[in-house]
Amino acid sequence: MSGVRKIRLVVLISGRGSNLQAILDQAASGELPVEIAAVISNRPGVAGLERARQAGVPALELDHKNFPGRPEFESALIELIDRHRPDLVILAGFMRILTADFTGHYRGRLLNIHPSLLPKFRGLHTHERAIAAGEIEHGASIHFVTAELDGGPVIVQAQVPVWPNDDPDTLAARVLEREHRLYPQAIHWFAEGRLRLDGERVLFDGQPLDRPLRLENPSG
Ligand code: NHR
Ligand code: GAR
């Protein structure tokens, strides 16, 4: 990773923070050229905040319940984020819908990880819905965040099989393992300057993607 300048990263979470942990670990080992400037949770006291503290990263709480509405919460959130001068902001299990003002402010430097093979299963409870739909393949996607919920252009996906005896928990665990490699890969590309949002398209090395990239399968 020599030769690539570190980018400043702000991570937004709402809970457990296992994706955050994967990123903290790769940043600490030098694999990922990022400086994690801050971790911010809209839910107080969650496990992800403790993970940040353990790694020596500022762990901040901004409880949305202390604000009268989304616009007020979001202006405070923007102010808090921008104090840390991020090059990139990522949602890692962040569970609040964001308004167009927020997504517009960070356009082209805001990523989300979503636990489905978008455009399938936008929104919540994706594992349950994939099983109910009889899918034989499921996975996770990294996308640029736009105003349209889980509708921004997809950068890269990881696939897993769905087995006949899966329940939402077994399937979620299989997807999560892949998520922990997927987010670092996308962040790495962004840090290297290989990813751009151009209108509604992703440019990878300057070329528009006509379909999402695929994370290599470790077993394949
Ligand atoms: N906001 C915009 N504008 N665009 C996206 O693509 C977004 C976003 C905000 C969050 C993450 C997303 C996911 O990956 C995300 C993508 C929360 C909800 C939700 O319904 C839906 C999708 C996502 C995150 N949240 C409820 C709400 O009223 C609260 C649910 C809860 O607190 O448990 O905000 O799936
Ligand atoms: C992850 O599976 C992520 O894809 C999903 O929540 C989990 C967070 O886990 N995100 C969403 O569902 C967004 N609505 P983590 O806190 O351990 O990283």
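Every number for a ligand or one of its atoms is a count from 1 in the order of the listing.
With a 4.0 Å cut-off on non-hydrogen atoms, Thr146 touches ligand 1 through its backbone and not its side chain. The part of Thr103 lying near ligand 1 is the side chain, judged by heavy-atom distances below 4.0 Å. Residue-level proximity to ligand 1 for Phe102 is absent, since no heavy atom of it falls below 4.0 angstrom. Contact annotation: for Val175 versus ligand 2, there are no heavy atoms closer than 4.0 Å. In Ile97, the parts holding a heavy atom less than 4.0 Å from any atom of ligand 1 are both the side chain and the backbone. If you look at His64 next to ligand 1, there are no close heavy atoms at all, none under 4.0 Å. Using a 4.0 Å cut-off between heavy atoms, Ala100 makes no contact with ligand 1 at all. Of all the heavy atoms of Arg43, the ones lying under 4.0 Å from any atom of ligand 1 belong exclusively to the side chain. Looking at Leu149 against ligand 1, both its backbone and its side chain come within 4.0 Å, counting heavy atoms.
Phe204 and Trp189 have perpendicular rings, their planes meeting at more than 60° on a 0 to 90° scale where under 30° would count as parallel.
Counting only N and O atoms by type, the side chains of Glu31 and Ser29 include a donor and acceptor under 3.5 Å apart. No hydrogens or angles considered: nothing links the side chains of Asp166 and His138 as a donor-acceptor pair under 3.5 Å. No side-chain N or O of His114 forms a donor-acceptor pair with one of Thr126 less than 3.5 Å apart.
For ligand 1, the polar-atom distance check finds no N/O of Leu124 at less than 3.5 Å from any of the ligand's N/O atoms. Close N/O approach between Met95 and ligand 1 is found [any backbone or side-chain N/O within under 3.5 Å]. Polar contact check, Asn112 against ligand 2: no nitrogen or oxygen pair lies under 3.5 Å apart.
Atoms of ligand 1 lying under 4.0 Å from at least one heavy atom of Gly123, given by number and element, are 35 (O). Close contacts of ligand 1 with Glu148, meaning ligand atoms under 4.0 Å from a residue heavy atom, involve 4 (N), 6 (O). Near His143, meaning under 4.0 Å from one of its heavy atoms, ligand 1 places the atoms 6 (O). Near Pro115, meaning under 4.0 Å from one of its heavy atoms, ligand 2 places the atoms 4 (O), 5 (C), 10 (N), 11 (C), 12 (O). Per-residue contacts place Leu176 under 4.0 angstrom from the following atoms of ligand 2 (heavy atoms of the residue considered): 2 (O). Which parts of ligand 1 touch Ala147 is read off a 4.0 Å heavy-atom cut-off, strictly below it: atoms 3 (N). Atoms of ligand 1 found under 4.0 Å from any heavy atom of Ile113 (numbered from 1 in listed order, with element): 14 (O). Annotation for ligand 1: atoms under 4.0 Å from non-hydrogen atoms of Phe94 are 11 (C), 24 (C). Each of the following atoms of ligand 1 lies closer than 4.0 Å to a heavy atom of His114: 13 (C), 14 (O), 35 (O).
Distance from atom 16 (O) of ligand 2 to its nearest protein heavy atom, with residue and atom name: Gly17 N, 2.8 Å. Considering only non-hydrogen protein atoms, atom 2 (O) of ligand 2 sits nearest to Glu179 OE2, 2.9 Å. Nearest non-hydrogen protein atom to atom 6 (O) of ligand 2 is Gly93 CA, 4.0 Å. With hydrogens left out, the protein atom closest to atom 12 (C) of ligand 1 is Asp150 OD1, 3.4 Å, a heavy atom. Closest to atom 7 (C) of ligand 2, if we only count protein heavy atoms, is Arg16 NH2, 4.0 Å. Among all non-hydrogen protein atoms, the one lying nearest atom 15 (P) of ligand 2 is Ser18 N, 3.4 Å. The nearest heavy-atom contact from the protein to atom 27 (C) of ligand 1 is Arg70 NH2, 3.7 Å. Atom 14 (N) of ligand 2 has its closest protein heavy atom at Met95 SD, 3.2 Å. Closest protein heavy atom to atom 10 (C) of ligand 1: Arg96 O, 3.4 Å. Protein heavy atom at the shortest distance from atom 11 (C) of ligand 1 is Asn112 ND2, 3.4 Å. For atom 3 (N) of ligand 1, the nearest non-hydrogen atom of the protein is Leu98 O, 2.8 Å.
Nearest heavy-atom pair, His84 versus Arg8, reported as atom, atom and distance to 0.1 Å: O-NH2, 2.8 Å. Heavy-atom minimum distance, Leu91 versus Leu110: CD2-CD1, 4.1 Å. Closest approach of Ile13 to Leu49, counting heavy atoms only: CD1-N, 3.8 Å. The nearest pair of heavy atoms linking Ala37 to Val10 is CB-CG2, 4.3 Å. Minimum interatomic distance between Ser141 and Leu118 (heavy atoms only, all atoms of both residues): OG-N, 3.1 Å. Taking each heavy atom of Tyr183 and Leu111 in turn, the nearest pair found is OH-O, 3.1 Å.
Partners of Phe144 under the ring pair (Phe, Tyr, Trp, His ring centres under 6.0 Å) rule, at least two apart in sequence or in another chain, do not exist in this structure.
Other residues, nucleotides and ligands contribute at most 12 non-hydrogen atoms within 6.0 Å of the CZ atom of Arg196. Residue Gln21 places its CD atom among more than 12 non-hydrogen atoms of other residues, nucleotides or ligands, all under 6.0 Å distant.
Cluster membership check: Ile155 does not share its hydrophobic cluster with Leu117, using side-chain heavy-atom separations under 4.5 Å among Ile, Leu, Val, Met, Phe, Trp and Tyr. Hydrophobic clustering (ILVMFWY, side-chain heavy atoms < 4.5 Å, transitive): Ile187 and Val11 are in one cluster.
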Derivation and outcome, salt bridge (charged side-chain N to carboxylate O under 4.0 Å, His left out), residues Glu148 and Arg122: CA-CA 10 Å; Glu148 191 185 348; Arg122 294 181 183 179; 2.7 Å; yes
Residues Glu61, Ser41; criterion side chain to side chain donor-acceptor pair (under 3.5 Å); working and verdict: CA-CA 5 Å; Glu61 293 174 354; Ser41 173; over 6 Å; no
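Heavy-atom separations between Ile13 and ligand 2 are all 4.0 Å or longer.
Distance check: Arg51 CZ to Ile23 CD1 gives 11.5 Å after rounding to the nearest 0.5 Å. One finds the CG atom of Leu171 at 9.5 Å from the CG atom of Asp169 (value rounded to the nearest 0.5 Å).
In the candidate list Leu118, Thr99, Leu91, Leu91 is nearest to atom 15 (C) of ligand 1, counting heavy atoms.
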